[in-house]
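I have placed the structure first, in the form of structure tokens, so that the comments after it can refer back to it.
Given the structure is predicted, the values throughout are model-derived calculations rather than measurements. Below, read A as the first sequence line, B as the second, and so on, with proteins coming before strands; counting in each chain starts at 1.
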Number of protein chains: 2
Amino acid sequence: MINHELIHTLHQLSRRLTNKLNEALKPTGLYGSQWAVIFVLKNKGSLTQKELSEYLAVEAPPMTRTIQRMVKQGYVKQIPGQDKREKRVELTDEAHAKYPEWEKIVIELNKSLLPKSHKEELYQLQKSWLEQLY
Amino acid sequence: MINHELIHTLHQLSRRLTNKLNEALKPTGLYGSQWAVIFVLKNKGSLTQKELSEYLAVEAPPMTRTIQRMVKQGYVKQIPGQDKREKRVELTDEAHAKYPEWEKIVIELNKSLLPKSHKEELYQLQKSWLEQLY
DNA sequence: AATAATTAGTTACCTAGGTAACTATAATGG
DNA sequence: CCATTATAGTTACCTAGGTAACTAATTATT
């Protein structure tokens with residue numbers, strides 16, 4: 001029985017956190033999945049869509065959609081790679097300019113949401129579980 | 001930084017488990033969200049849609065959709081309550097008949113997916129975190 | 001008793017993420 | 001060198017879950 005509970009709790013936790021993030025990001029016009037991409041690009045520089053989707057462990061089609069939306073918003077540009085199949089994605093100047101404000105919102109939110117204690121413990125448990133799943 | 005990692009890992013874990021569940025349930029024609037409803041109904045008897053969505057912590061509209069699909073599949077029936085706004089949902093005989101087979105699949109899957117140790121610990125951490133979020 | 005407010009469920013529309021099938025380019029093998 | 005195979009990205013379509021706006025039934029208020 002605890003197995004069911006464990007998975008259900010995990011699922012619920014994940015959904016609730018996503019909702020909170022989207023809510024907090026509302027004034028910025030960003031969604032959580034977009035923020036994830038922006039965060040990676042800010043820290044890793046330009047990446048191909050393939051690299052992005054691998055890094056975030058998401059399939060290619062949702063990545064395409066998320067990026068296309070961000071292109072429309074003017075936060076990201078797609079630059080054809082040497083390999084003409086590839087598209088390198090990078091943040092626009094506008095995105096770089098707005099980044100600090102976005103980051104602040106997310107950091108504040110995380111502070112308020114994350115368990116005060118046991119953070120490291122929980123992270124290690126999750127990570128080792130995730131690794132078991134391959 | 002660990003905050004980002006923690007949330008990302010949790011999200012990824014949740015997605016991966018959902019995918020595994022859907023994959024395992026494929027031969028039955030059920031999806032994970034439908035299984036969740038069936039599991040609750042089996043253990044609680046008939047419930048209104050409101051009660052179901054509260055119990056599973058899901059909003060009413062997705063619950064409506066999930067149930068409508070299950071009605072079409074013949075696994076669930078909607079019975080008008082005394083309060084004519086309500087619809088009580090219960091499993092059909094067919095669903096009861098197939099339940100043991102479904103349960104077996106899920107139990108086998110969970111056994112193979114869940115971390116051998118630290119299960120209780122992880123569950124408690126998640127639960128206390130979830131409670132903090134209200 | 002009649003009107004107002006609340007509640008259960010549905011519909012429409014949005015993002016998130018998955019698979020399958022496709023296109024265009026690149027890499028490989030005969 | 002050409003044909004085959006592999007790869008990056010896109011499109012179409014599916015489930016999951018969310019909000020807003022609606023309908024119909026019930027409860028509260030005046």
Side-chain angles (χ1 to χ4, degrees), chain A residues 7-8 10-26 28-37 46-73 76 78-89, chain B residues 7-8 10-26 28-37 46-73 76 78-89:
Chain A
I7 289 181
H8 182 237
L10 178 68
H11 189 55
Q12 211 182 318
L13 199 47
S14 168
R15 270 167 45 221
R16 190 167 300 276
L17 290 170
T18 301
N19 294 346
K20 292 269 187 187
L21 178 58
N22 282 329
E23 199 182 323
L25 285 175
K26 213 162 202 175
T28 72
L30 289 175
Y31 284 89
S33 62
Q34 300 177 307
W35 164 252
V37 171
S46 88
L47 293 177
T48 65
Q49 296 189 193
K50 175 79 173 159
E51 288 167 334
L52 265 174
S53 70
E54 270 170 8
Y55 192 79
L56 292 172
V58 154
E59 299 300 321
M63 187 51 67
T64 294
R65 277 194 302 272
T66 300
I67 288 170
Q68 284 173 347
R69 240 175 300 159
M70 289 164 75
V71 169
K72 267 189 204 144
Q73 286 172 302
V76 131
Q78 291 170 307
I79 293 167
Q82 283 191 326
D83 181 336
K84 283 176 192 167
R85 292 169 302 180
E86 289 181 347
K87 298 183 176 177
R88 300 199 73 80
V89 181
Chain B
I7 290 181
H8 182 238
L10 179 69
H11 189 54
Q12 211 182 319
L13 199 47
S14 168
R15 269 168 45 220
R16 189 166 301 275
L17 290 169
T18 302
N19 294 346
K20 293 271 187 186
L21 178 58
N22 283 328
E23 199 182 322
L25 285 175
K26 214 163 202 173
T28 72
L30 288 175
Y31 285 90
S33 61
Q34 300 178 306
W35 164 253
V37 171
S46 87
L47 293 177
T48 64
Q49 296 188 193
K50 174 76 175 164
E51 288 167 335
L52 265 174
S53 70
E54 270 170 9
Y55 192 79
L56 292 172
V58 153
E59 298 300 321
M63 187 51 68
T64 294
R65 277 194 302 270
T66 300
I67 288 169
Q68 283 174 347
R69 239 175 299 162
M70 290 165 74
V71 168
K72 267 189 204 144
Q73 287 172 300
V76 130
Q78 290 170 308
I79 294 166
Q82 284 190 323
D83 180 334
K84 284 174 191 166
R85 290 170 305 180
E86 289 181 348
K87 297 183 177 176
R88 300 197 73 82
V89 182

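The residue among A:Tyr31 and A:Lys84 whose nearest nucleotide of DNA chain C is located toward the 5' end is A:Tyr31. Judged by closest nucleotide on DNA chain D, A:Met63 is the one of A:Met63 and B:Thr18 placed further toward the 5' end.
Nucleic acid contact for B:Gln82: sugar-phosphate only, since backbone atoms but no base atoms lie under 4.0 Å from a heavy atom of the residue. Across all strands, A:Ser33 comes closer than 4.0 Å only to sugar-phosphate atoms, never to a base (heavy-atom distances). Residue B:Glu54 is out of contact with every strand shown, counting any heavy-atom pair closer than 4.0 Å. Residue A:Gln78 is in sugar-phosphate contact alone, with no base atom involved, counting any heavy-atom pair closer than 4.0 Å across all strands shown.
Although no hydrogens or angles enter the test, the distance criterion places no donor-acceptor pair under 3.5 Å between the side chain of A:Ser14 and the main chain of A:Leu10.
For A:Glu86, the side-chain hydrogen bond (donor to acceptor under 3.5 Å, both in side chains) criterion is met by no residue, not counting sequence neighbours. In this structure, A:Ser53 has no side-chain hydrogen bond (donor to acceptor under 3.5 Å, both in side chains) partners at least two apart in sequence or on a different chain. B:Gln73 pairs by the side-chain hydrogen bond (donor to acceptor under 3.5 Å, both in side chains) definition with B:Gln34, not counting sequence neighbours.
Of all heavy-atom pairs between B:Leu25 and B:Leu30, the closest is CB-O, 3.4 Å. B:Met63 and B:Val58 make their closest contact through N-CG1, 4.2 Å (heavy atoms, listed as atom of the first residue, atom of the second, distance).
Regarding A:Leu17, its CG atom lies at a distance of 16 Å from the P atom of C:dA16, rounded to whole Å. One interatomic measurement links the two molecules: CG of A:Leu25 to C1' of C:dT15, which rounds to 13 Å at whole-angstrom precision. Computed from coordinates, the A:Leu30 CG to C:dA16 C1' distance equals 15 Å when rounded to whole Å. Here D:dG9 presents its P atom at 11 Å from CG of A:Leu47, a figure rounded to the nearest Å. Atom P of nucleotide D:dT10 and atom CZ of A:Arg69 are separated by 14 Å, given to the nearest angstrom. For A:Ile67 and C:dT15, the CD1 to P distance is 16 Å, given to the nearest whole Å. One atom, CD of A:Glu23, and another, C1' of D:dG17, lie 15 Å apart when rounded to the nearest Å. B:Leu21 places its CG atom 16 Å from the P atom of D:dT15, with the value rounded to the nearest Å.
Residue A:His11 has a polar side-chain atom (N or O) positioned under 4.0 Å from OP1 or OP2 of D:dG17. Side-chain nitrogen and oxygen atoms of B:Thr64 include none within less than 4.0 Å of the OP1 or OP2 phosphate oxygen of C:dG9. Between A:Gln34 and C:dT15 there is no side-chain polar atom (N or O) within less than 4.0 angstrom of OP1 or OP2.
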Can you give me the N/O atom pairs linking the protein to nucleotides 18-21 of chain D at distances under 3.5 Å, or say none if there are none?
unit_1: D:dG18; atom_1: OP1; unit_2: A:Arg15; atom_2: NE; d: 3.0
unit_1: D:dG18; atom_1: OP1; unit_2: A:Arg15; atom_2: NH2; d: 3.0
unit_1: D:dG18; atom_1: OP2; unit_2: B:Glu59; atom_2: N; d: 3.0
unit_1: D:dG18; atom_1: O6; unit_2: B:Arg65; atom_2: NH1; d: 3.2
unit_1: D:dG18; atom_1: O6; unit_2: B:Arg65; atom_2: NH2; d: 3.4

Would you list the protein and nucleotides 5-8 of chain D atom pairs, both N or O, that sit under 3.5 Å from each other?
unit_1: D:dT7; atom_1: O4'; unit_2: A:Arg85; atom_2: NH1; d: 3.4
unit_1: D:dT7; atom_1: O2; unit_2: A:Arg85; atom_2: NH1; d: 2.9

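Under the 3.5 Å distance criterion, with hydrogens and angles disregarded, no donor-acceptor pair is assigned to the side chains of B:Arg88 and B:Thr48. Looking only at atom types and distance, the side chain of A:Gln78 has no donor-acceptor partner in the side chain of A:Gln68 under 3.5 Å away.
For residues 53-72 of chain B, the salt bridge (charged side-chain N to carboxylate O under 4.0 Å, His left out) pairs, not counting sequence neighbours, are B:Lys50-B:Glu54.
With values rounded to the nearest 0.5 angstrom, B:Met70 atom CE is found 13.5 Å from B:Tyr31 atom OH.
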